[in-house]
Amino acid sequence: MMFGAAGLRTHIWNNNLKSILLLAGFPVLLTLIGYAIALVIIAMTGEGDYMAGKGYAGEATLGQSMMAAVNILPEIAVFATIGAGIWFIIAWFGHQAMINAATGASSVTRKDEPRFYNLLENLCISRGMTIPKMAIIETPGLNAYASGLTEGQYTVTVTRGLMETLNDAELEAVLAHELSHIRHRDVRLLVIAIIFVGIISFAGEIAFRGMLHGGLRASSQAGSRRGGGSRNGGALIFIALACIAIAYILAILIRFSLSRRREYMADAGAVELTRNPDAMISALAKISGHSEVGDAPDEVREMFIENPHTGFMGVFATHPPIEKRIEMLVQYGGGKLPQRMSSVPQV
């Protein structure tokens, strides 16, 4: 084994802890967005003047307008928490439908795909696992992922291209890789992160568009009385945009903070399940360079066995290069380097 039992237990514990922190942090991000929206409203309506107790007699300073928004933070936090709770319920029951819609996956049964089911069943029996649901993406690209939050919700999805290209041993290795993600609790963490990043990204884009439009109006009406905007409208809009940008960046960083080590761990888990490192190596070699899956959102691509979108110069890559994964399997899993990759330097 490439990773000892203690390392695996720590990995699972870290995933569980990160999942809890993400759940707790989501309302905080929503509160930050709510505060930014409050600043925009104050900028556009001049409400800060009245909330500062000045009425028509004068206008609030920038600091007073910002404090006016701070004063309603408790109410914003309540609405953010309620909103987060509603989203949690929606996500709990609808996350798989969302992911399927994003990737174009369709559920299949044992009767539809007996080869897929039989390989998955044998692996699950060997580990005493409940057999996950199955889905297929009708695309020539070679990829796969697991999704779900709890037993009974887990689904393993593969592409048609993967099914048609890999032999039984290779496909079994890929399925074992995805089952390892389920066993390691990677799947739960990824689903939580993807749902949060997705909704925050969507809210951020909507808020940016609204603020940019409202900022122009507020700036053009600077110095007006009630109903016409605050004289500090431009500055308030800028601060609001900064708040939204912070929330948006934090949401994106959640995705980039997902450990790349999870793929090495899942590769190792596949070898442990199948006792066939060469099959995993061969599958990765075939997937390399052929893993593109339509227009799947970047957030969902983090779940794939291979994500060809590596970010700016690879700095924010969430998947290690396939060459490195193969090297690890050769060095620690006892596999052999494929002939066509014999020139790849080993670790």
For the residue pair S147 and M303, establish whether any side-chain heavy-atom pair is separated by less than 4.5 Å. yes

Could you state whether V28 and I76 fall into the same hydrophobic cluster, counting links through intermediate Ile, Leu, Val, Met, Phe, Trp or Tyr residues with side-chain heavy atoms under 4.5 angstrom apart? no

In this structure, NZ of K324 is separated from CG of L284 (nearest 0.5 Å) by 15.0 Å

So M134 and V158, do their side chains get closer than 4.5 Å, heavy atoms only? no

Could you go step by step and tell me if V70 and L73 meet the side chain to side chain contact (heavy atoms under 4.5 Å, CB included) rule? CA-CA 5 Å; V70 170; L73 265 180; 4.3 Å; yes

Tell me, please, which residues at least two apart from R188 pass salt bridge (Lys or Arg N to Asp or Glu O under 4.0 Å). none

Taking atom CD1 of I287 and atom CD of E170, what is their separation to the nearest 0.5 Å? 9.0 Å

Say whether F26 and I82 are linked into one hydrophobic cluster, either directly or through other cluster members, by side-chain heavy-atom distances under 4.5 angstrom. yes

Selection residues 133-142 - residue pairs positive for side-chain hydrogen bond (donor to acceptor under 3.5 Å, both in side chains), sequence neighbours left out: E138-R160

State which residues pass side chain to side chain contact (heavy atoms under 4.5 Å, CB included) with D112; sequence neighbours excluded, sorted by chain then number. V108, T109

Kindly give the heavy-atom pair with the smallest separation between K336 and D278, and that separation in Å. N-OD1, 2.8 Å

Starting at CD1 of I182, measure out to OG1 of T150 and round the result to the nearest 0.5 Å. 11.0 Å

Among all residues two or more places apart in sequence or in another chain, which pass the salt bridge (Lys or Arg N to Asp or Glu O under 4.0 Å) test with D168? R115

Using the test side chain to side chain contact (heavy atoms under 4.5 Å, CB included), find all partners of F79 that sit at least two apart in sequence or belong to another chain. none

Are E172 and T274 linked by a side-chain donor-acceptor pair shorter than 3.5 Å? no

Got a list of side-chain donor-acceptor pairs under 3.5 Å for residues 29-44, not counting sequence neighbours?
residue: T31; atom: OG1; partner: P27; partner atom: O; Å: 2.8
residue: Y35; atom: OH; partner: M66; partner atom: O; Å: 3.4

Taking only residues two or more places apart in sequence, or in another chain, which ones meet I90 in a side chain to side chain contact (heavy atoms under 4.5 Å, CB included)? I86, W87, M98

Checking A105 now: which residues fulfil side chain to side chain contact (heavy atoms under 4.5 Å, CB included) with it, not counting sequence neighbours? N100, T103, A135, I137, Y145, T157

Answer whether the closest heavy-atom distance between the side chains of R262 and E302 falls below 4.5 Å. yes

Taking all non-hydrogen atoms of both residues into account, name the closest pair between S288 and E323 and its distance. OG-OE2, 4.2 Å

Minimum heavy-atom separation for Q96 to G148, with atom names? OE1-N, 4.1 Å

Reported CE-to-CE distance for the pair M328 and M280, which is rounded to 0.5 angstrom: 13.5 Å

Value for OG (S180) from CG (L273), rounded to nearest 0.5 Å, stands at 5.0 Å

Looking only at heavy atoms, the pair that brings V271 and P277 closest together is CG2-CA, 3.9 Å

Does R127 come within less than 4.0 Å of E272, counting only side-chain N to carboxylate O? yes

Any residue meeting salt bridge (Lys or Arg N to Asp or Glu O under 4.0 Å) with E306, in chain and number order, not counting sequence neighbours: none

Kindly indicate whether the side chain of L179, heavy atoms from C-beta on, has any atom under 4.5 Å from the side chain of P132. yes

Non-neighbouring partners of E164 that pass side-chain hydrogen bond (donor to acceptor under 3.5 Å, both in side chains), sequence neighbours left out: none

Any non-hydrogen side-chain atom of I192 less than 4.5 Å from a side-chain atom of L149? yes

Ignoring hydrogens, what is the shortest heavy-atom contact between N16 and R185? Give both atom names and the distance. OD1-CG, 3.8 Å

Linking I/L/V/M/F/W/Y whenever their side-chain heavy atoms sit closer than 4.5 Å, directly or via other members, would I20 and V191 fall into one cluster? no

Within-4.5 Å side-chain heavy-atom neighbours: F304 and S291: no

Show me the pairs that pass ring-ring contact (aromatic ring centres under 6.0 Å, His included) and involve residues 148-180, at least two apart or across chains. H177-H181

Evaluate the side-chain proximity of D267 to I326: yes if any heavy-atom separation is below 4.5 Å, no if none is. no

Smallest heavy-atom separation, V300 atom then A102 atom, equals CG2-CB, 4.0 Å

Using atom types as modelled and distance alone, determine if a side-chain donor or acceptor of T159 lies under 3.5 Å from a backbone N or O of L162. yes

Exam field: side chain E178 to backbone L175, donor-acceptor pair closer than 3.5 Å: no

So, do N307 and E263 sit near enough that their side-chain heavy atoms are less than 4.5 Å apart? no

